[in-house]
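Residue numbering restarts at 1 for every chain, and letters A, B, ... go by the order of the sequence lines. This one's a predicted model, so the numbers in the text were calculated from it and none came from an experiment.
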Amino acid sequence: MFPYPSGAGLHVGHPRGYTATDVYARYKRLNGYNVLHPMGWDAFGLPAENFAIKNKVHPEKVVKENVAKFKQQLKNFDLQYDWDKEINTTDPNYYRWTQFIFLKLFERGLAYEDESPINFCPSCKTGLANEEVVGGSCERCGSTIERKKIRQWILKITEYADRLLEDLDGLDWPEPIKEMQRNWIGRSEGSSIIFDIKDIDKSIEVYTTRADTLFGCTWVVLAPEHQLIQNLKDKIDNWDEVEKYIIKSQNKSDLERTELQKEKTGVEIKGITAINPINGEEIPIWISDYVLAHYGTGAVMAVPAHDDRDFQFAKKFNIPIKYVIEPKFVGIDGDGAIKPGLDFMRRNAICAIVRNPKNDNYLCVSWKKFKMHGLITGGIEKDEDPIETAKREIREETGYKNLKFIKSEPLAINTQFYHRVKRENRWAHFQFLHFELENEEKDEIDQKESQLHDILWKSKNELKDFFTVFEGQYIADLLQNGESAFTGHGILVNSAEFDGLESEEAKKKITEKLKACGHGDFSVNYKLRDWVFSRQRYWGEPIPIVHCKKCGIVPVPEKDLPVILPHVEKYEPTGDGTSPLSNEKDPAILKWLNTKCPKCGGQAKRETNTMPQWAGSCWYYIAYLMKDGSKYEWNKEKIDQWLPVDLYVGGAEHAVLHLLYARFWHKILYDEKLVGSKEPFQKLINVGTILGVDGRKMSKSFGNTISPDSLLKKYGSDALKMYELYIGPFSQMAKWDQNGIVGMHRFLQKVEKISYNDKNSDKNNVIINKAIKKVSNDIESFNFNTAISAIIETFNSIHSNSWSKLDVQSFLTLLYPFAPKTTTKISSSLKINIKQWPEINNKYLQAENIIIPVQINGKIREQLVVKNDITEKEIRDLVDSNKKIKQWIPSGNIKKFIFVKNKIVSIVV
RNA sequence: GGGCGAGUGGCGGAAUUGGUAGACGCGCAGGUCUCAAAAACCUGUGAUCGCAAGAUCAUGUGGGUUCGAUUCCCACCUUGCCCACCA
C-alpha cells in the first residue's frame with residue numbers, strides 16, 4: 001500500500017511492510033520472475049490540507065516537499081523500487097483517470113446527487129462516508145459527528161453488495177479481514193411484514209429476521225424520520241407531543257443516540273393503531289429513536305419477550321410482554337417418551353441433574369430418532385419419593401446406579417407455563433434433583449426397551465438451554481423478573497397453528513402465509529450504505545460535472561479531462577456545507593467556476609465539491625501499469641497481463657475503507673470491460689503495526705515516534721531492515737525495542753569477515769541445503785523472523801568450521817534479499833556472483849545419522865544415534881542391549897513398545 | 001452486548017500432521033584485549049536440589065483423551081483487536 005506522505009516523514013514503523021515486499025521481490029527476481037515492485041504517493045486529502053491551512057503554505061507545496069522527504073528516506077533504505085513507475089494522485093495526468101472512472105460511474109447511474117442528512121465533521125467542515133465515522137467520531141480528527149443535510153454526490157456501492165460479498169470467498173486474504181468486510185456489508189436474510197393501519201388506507205412495512213416471533217409482537221415502532229408520521233399528521237391526536245419528540249431526536253448526534261443505550265425514549269402515537277397481519281390483533285404504534293431510519297424500512301415490529309431492546313422499552317413504558325418462543329428444552333422421561341418444549345411437564349415433575357465431579361460434565365441421554373438429547377425428566381405420583389423415583393429412572397435409562405444425592409432445588413415452584421396441546425396456562429411444581437456420580441460402575445440396561453441409543457456427558461456450556469431454565473427459571477419468570485429477553489431460537493408457543501415448530505421452520509411458514517395474503521415476503525437487507533463521495537474541501541480531485549441551468553447535471557466530456565484543480569490563494573473550508581471552490585469573490589475561482597455547458601454551450605457552473613481521499617487510491621495499482629514517462633495510457637492488454645495484483649501488503653486498518661472501495665471500483669471497471677479481472681488484489685498480507693516503546697501506536701501526537709535516520713547512519717540499512725522483520729511475526733504487532741538492532745549489526749559484521757579456503761564438505765552441504773529449504777519456505781509464507789534466524793544459525797554452524805566457495809555463494813544468496821548492500825559488497829570483493837537462488841539438492845536433505853530419543857513412561861531417558869530409516873526390529877535390539885535404558889526398566893518387563901519411524905521410541909513399563 | 005484472536009525464561013519470540021519445549025536475537029554473568037572505558041571476541045545462562053553425573057518441576061489455571069499434549073477436547077481466569085440500538 002502506497003503511503004500518504006506526511007510532513008513528519010517516516011518513522012521506524014513505516015518500513016516494515018516496504019522491507020517485506022522488497023525481500024519478496026528480490027527473492028522472486030532471483031527465482032527468475034519478472035517483478036513489478038512500484039511506489040507512489042497518495043497525496044490528496046485532509047492531512048496535507050489541514051497542515052497547509054495551519055502553516056499557511058499551499059498544499060501543492062506541502063505535498064511536493066513531503067514527497068521529496070519521503071522519497072529520500074525510502075532511498076536511504078536501499079529498497080529496490082521501480083522508480084520509473086512512481087505515481088502521485090495529485091498529478092493532473094494521474095487524476096485525469098480518476099475523473100474518467102467517475103464518469104463511468106456516472107454513465108452507469110452509480111453516481112447520483114442527493115440532499116439527505118449525512119455525517120458531517122464540524123472540525124474538518126466536510127461531509128464524511130459512513131466508513132470514515134468511528135464510534136460516532138471523525139476518523140481523522142476525533143470530533144463528534146453531526147447530522148447535516150448537504151447536497152452530496154453519492155456512489156451506489158450497495159448495488160454491488162452481493163458481488164462484493166460473494167467474491168470474497170475466492171480471495172487469498174487473512175480470514176479476519178474478509179470477516180470484517182462481510183460484517184460491514186452485513187447481509188441479513190429476513191422478512192418484510194406489512195401492518196395495516198386500522199380504518200386508514202395506509203400501512204407500515206417492517207423488516208425482521210425473526211418472523212417466528214410475530215405472535216409476540218405487541219406494538220410497532222417507527223423511526224422519528226419515518227415519512228408516514230408526516231403523512232398522517234392530522235390523524236394523530238397527540239401531534240404536539242410527537243412533533244416535539246421528532247425535533248428533539250433530530251438534534252441529537254448519532255453519538256448521543258447510541259450512547260444512551262440503556263434509557264429508551266419514545267412516544268406513543270395516539271389516534272392510530274396497527275393490525276398484526278398474522279392474528280388481526282390491534283396494537284399501538286410508537287415512535288422512538290432506537291429505530292434507525294436508514295436500515296431496513298425504518299420501522300420495526302416490537303417483540304419484547306424476544307428482543308433485548310424491545311424488552312427494555314416495554315419495561316420502561318409498562319407494555320405487556322408476551323412470550324412465544326421457548327428454549328428448545330428436551331426432556332426424556334421415565335416412560336421413554338420424548339417431548340419437545342416445556343409442555344410435557346406434569347403437575348409434579350422432576351428433572352434429574354447428574355454431575356460427574358471428575359470432569360464437571362452432566363449426564364444426558366440422546367434420542368436417535370429425533371437427533372435430540374436431554375436431561376432425564378419424569379413425573380411423580382403423589383406418594384412417591386422424588387429422590388428414589390429419580391434414582392430409579394436414571395438407572396433404567398442409563399444404568400448408572402452409584403448416585404449421591406446432593407440437593408433438591410424447587411427452583412420453579414408453581415411456575416406458570418403454557419400447555420401447548422390443551423392451550424391453557426398451567427402451573428407446574430418442578431423439582432430439580434442434583435446428584436453426583438460416585439463411581440462409573442453400571443448395571444446392564446435393555447437398550448431396546450428404553451429406546452435410547454446413547455448416553456452422553458455434556459458440559460454445562462453445551463447445556464446452556466437447560467440451565468437457562470434451571471437458573472433463570474422459566475421463561476415467563478425470566479421475563480417478569482429478569483434483566484433480559486430470551487433472544488435465542490427455540491420452539492414456538494402461543495402461536496396458533498405454528499405452535500411446536502422450531503424457529504427456522506416457523507420463519508418460513510409464517511412468511512409464506514403472509515405472502516399468500518399480501519402482507520409480507522422474504523427480504524434481504526444490508527448494513528452497507530451508499531458511499532457519500534463528495535467533500536466540501538479544496539484539496540481533492542474536482543468532480544467532472546457541470547451544472548447547466550438548461551440541461552441540469554452534465555458530465556464533462558472525456559476529451560476535456562482533466563478538470564484541473566485551480567490554483568487559489570484561499571482554500572479554507574467554509575463550514576456551511578459549500579465548497580471553498582464556490583467562493584465567487586476570488587477571481588481565480590470565478591474564472592474556473594464559470595464554464596460552458598458541454599451540451600448546449602450555454603452558461604454553466606462547475607461542480608465545486610471534490611472527491612474524498614479514497615478516490616485516488618481506488619485504482620492506483622492500475623496506474624503503475626499505465627505509466628509511460630509522465631503519461632498514462634489505458635492499455636488493457638498490458639493491464640490484464642499483470643493484474644490482479646499477486647501480493648498486496650498493508651495494514652489491517654484499511655479493512656473496510658480502501659480495501660472495500662478499491663474492490664468496488666474494480667468491479668465497475670470489470671463491467672466496463674476495462675479490466676479482465678473481477679478482483680484487484682489476489683493475495684493480501686497484513687503488516688503488524690510497530691508500537692512505540694510506551695506500547696501505544698507510533699504517532700506524532702503521542703510524541704513516541706522514532707526516526708530511522710540516525711539508526712540508518714549508525715547501523716546501516718541492512719541491519720535496520722533485518723531487525724524490522726526479525727522483531728516478531730510479520731502480521732503481529734510489535735513493540736519497538738532499540739536494543740535489538742545491535743544483534744543484526746553484529747551478525748552482519750561477522751558476515752563481512754567471511755572467507756573461504758576449504759573444499760566442499762558433506763557436512764556443510766547438509767547444513768546449506770536445509771537452510772535453502774527453510775529460508776525459501778519462510779520467505780514464501782512471510783515468516784521472515786524465522787527465515788532470518790535460520791540464516792544466522794546456518795552461519796554460526798558453518799563459521800565454527802570452514803567455508804568453501806560454494807558454501808559462501810549459497811549463503812550470501814540466501815542473505816541477499818534481507819541484506820542486499822552487505823552481501824553485494826562482500827560478493828564483489830570475493831568475486832562471487834549472486835545471480836540465482838540456489839537449488840536444493842535433495843541428496844543432502846536427509847542426514848545419514850539421526851538422533852532418536854527414547855521415552856520410558858513418557859520421560860526421555862536416552863538418545864540413540866542411529867542410521868536414517870532404521871527399522872523397528874533394529875532399534876529394538878539396540879534398546880534391549882542399552883544399559884542406561886535397562887536401568888529404567890527394573891523389572892525387565894516392557895508392556896508396550898512404540899516406534900515412530902525417524903522420530904521417537906516410547907516404552908511403557 | 002456480538003464476532004475473532006492470544007497467554008511459553010528477565011525480554012522479543014522458536015517448535016511439520018501430537019513426538020527431545022525454550023531455536024535465533026536481546027539482556028545478564030564471567031573471561032580475553034586495554035593504563036582504563038567503549039567496541040569487539042570467547043564461555044555460560046528456565047527454576048529447584050547436587051561437587052558432579054544426574055534428578056525433579058516447568059508452555060495462564062483446573063480437568064480430560066493419549067505410550068506421549070505448547071499442540072486436540074471441556075471449564076475457568078487474564079488480555080488484545082474489530083463491530084456495536086442493523087430489528
Could you provide the dot-bracket string of RNA chain B, using ( ) for intrastrand pairs, [ ] for crossing pairs and | for bases paired to another strand, with Watson-Crick or G-U pairs below 3.5 Å?
-> (((((((..(((......[....)))((((((.......))))))((((....))))..(((((..]....))))))))))))....

Do A:Val291 and A:Trp286 have side-chain heavy atoms sitting under 4.5 Å apart?
-> no

Between B:rG22 and B:rC41, how far is it from one P atom to the other, in whole Å?
-> 25 Å

By ring-ring contact (aromatic ring centres under 6.0 Å, His included), which residues pair with A:Tyr207, not counting sequence neighbours?
-> none

Please evaluate the base of B:rC67 for a donor-acceptor partner in the side chain of A:Lys895 within a cut-off of under 3.5 Å?
-> no

Could you tabulate the donor-acceptor pairs under 3.5 Å formed by side-chain atoms of residues 733-750 of chain A, not counting sequence neighbours?
from	atom 1	to	atom 2	distance (Å)
A:Trp736	NE1	A:Gln738	OE1	2.7
A:Asp737	OD1	A:Asn739	N	3.3

What residues, two or more places apart in sequence or in another chain, satisfy salt bridge (charged side-chain N to carboxylate O under 4.0 Å, His left out) together with A:Glu179?
-> A:Arg182

Please write out each protein N/O paired with an N/O of nucleotides 45-48 of chain B under 3.5 Å, distance rounded to 0.1 Å.
none

Using the C1' atom on both, measure B:rG60 against B:rG80 and round to a whole Å.
-> 15 Å

Integer angstrom distance from the C1' of B:rG7 to that of B:rA21 | 16 Å

What residue pairs, at least two apart or across chains, pass side-chain hydrogen bond (donor to acceptor under 3.5 Å, both in side chains) with a residue in residues 719-731 of chain A?
-> none

Check every strand shown and say whether A:Ile851 touches a base, only sugar-phosphate, or nothing at a heavy-atom separation below 4.0 Å.
-> base

Any side-chain N or O of A:Gln732 under 4.0 Å from OP1/OP2 of B:rG13?
-> yes

Let me know, please, whether A:Phe747 or A:Val908 comes out on the 5' side of the other along RNA chain B by nearest nucleotide.
-> A:Phe747

Only one of A:Leu164, A:Leu165, A:Leu660, A:Leu171 clears side chain to side chain contact (heavy atoms under 4.5 Å, CB included) with A:Gln181; which?
-> A:Leu660

At under 4.0 Å between heavy atoms, what does A:Arg187 touch on the DNA or RNA strands: base, sugar-phosphate, or nothing?
-> nothing

With A:Tyr295 via ring-ring contact (aromatic ring centres under 6.0 Å, His included) - residues at least two apart | none

Quick one: salt bridge (Lys or Arg N to Asp or Glu O under 4.0 Å) pairs with a partner in residues 183-194 of chain A, sequence neighbours left out?
-> A:Asp162-A:Arg187, A:Arg187-A:Glu189

Looking at every strand, decide which applies to A:Trp888 at a 4.0 Å heavy-atom threshold: base, sugar-phosphate, or nothing.
-> sugar-phosphate

Throw together a table of side-chain donor-acceptor distances under 3.5 angstrom for residues 901-909 of chain A, partners on residues two or more places apart or in other chains.
from	atom 1	to	atom 2	distance (Å)
A:Asn902	OD1	A:Asp869	N	3.0
A:Asn902	ND2	A:Asn868	OD1	3.2
A:Asn902	ND2	A:Asp869	OD1	2.9
A:Ser906	OG	A:Gln855	OE1	3.4

Confirm from the modelled atom types if A:Lys903 and B:rU17 form a donor-acceptor pair under 3.5 Å, side chain to base only.
-> yes

What nucleotide among B:rA55, B:rA87, B:rG19 has an atom nearest to a side-chain atom of A:Ser906?
-> B:rG19

Side-chain donor/acceptor of A:His306 to backbone N/O of A:Val324, under 3.5 Å | yes

May I ask you to say what A:Val900 touches in the nucleic acid, namely base, sugar-phosphate or nothing, with a heavy-atom cut-off under 4.0 Å?
-> base

Which residue, A:Gln855 or A:Ala734, contacts RNA chain B at a nucleotide closer to its 5' end, judged by nearest heavy atom?
-> A:Ala734

Where at least one partner belongs to residues 849-858 of chain A, residue pairs that pass salt bridge (Lys or Arg N to Asp or Glu O under 4.0 Å), sequence neighbours excluded | none

Protein N or O to nucleotides 1-7 of chain B N or O, pairs below 3.5 Å:
none

Closest to the A:Ile860 side chain, choosing from B:rA87, B:rC67, B:rA21 | B:rA21

With heavy atoms under 4.0 Å as the rule, sort A:Ile727 into base, sugar-phosphate or nothing.
-> sugar-phosphate

Check: A:Phe311 ring centre within less than 6.0 Å of A:Phe313 ring centre | no

Find every protein N or O atom lying less than 3.5 Å from an N or O atom of nucleotides 23-30 of chain B, and list the pairs.
from	atom 1	to	atom 2	distance (Å)
B:rA23	O2'	A:Glu793	OE1	3.3
B:rA23	O2'	A:Glu793	OE2	3.0
B:rC24	O2'	A:Tyr726	OH	2.8
B:rC24	O2	A:Tyr726	OH	2.4
B:rG25	OP1	A:Asn796	ND2	3.3
B:rG25	O4'	A:Tyr726	OH	2.8
B:rC26	OP1	A:Arg746	NH1	2.7

Are A:Asp778 and A:Thr786 close enough that a side-chain donor and a side-chain acceptor fall under 3.5 Å?
-> yes

Pull up the glycosidic torsion of B:rG63 and say syn or anti, syn being anything within 90° of 0.
-> anti

Reported CD1-to-OG distance for the pair A:Ile325 and A:Ser503, which is rounded to 0.5 angstrom | 4.0 Å

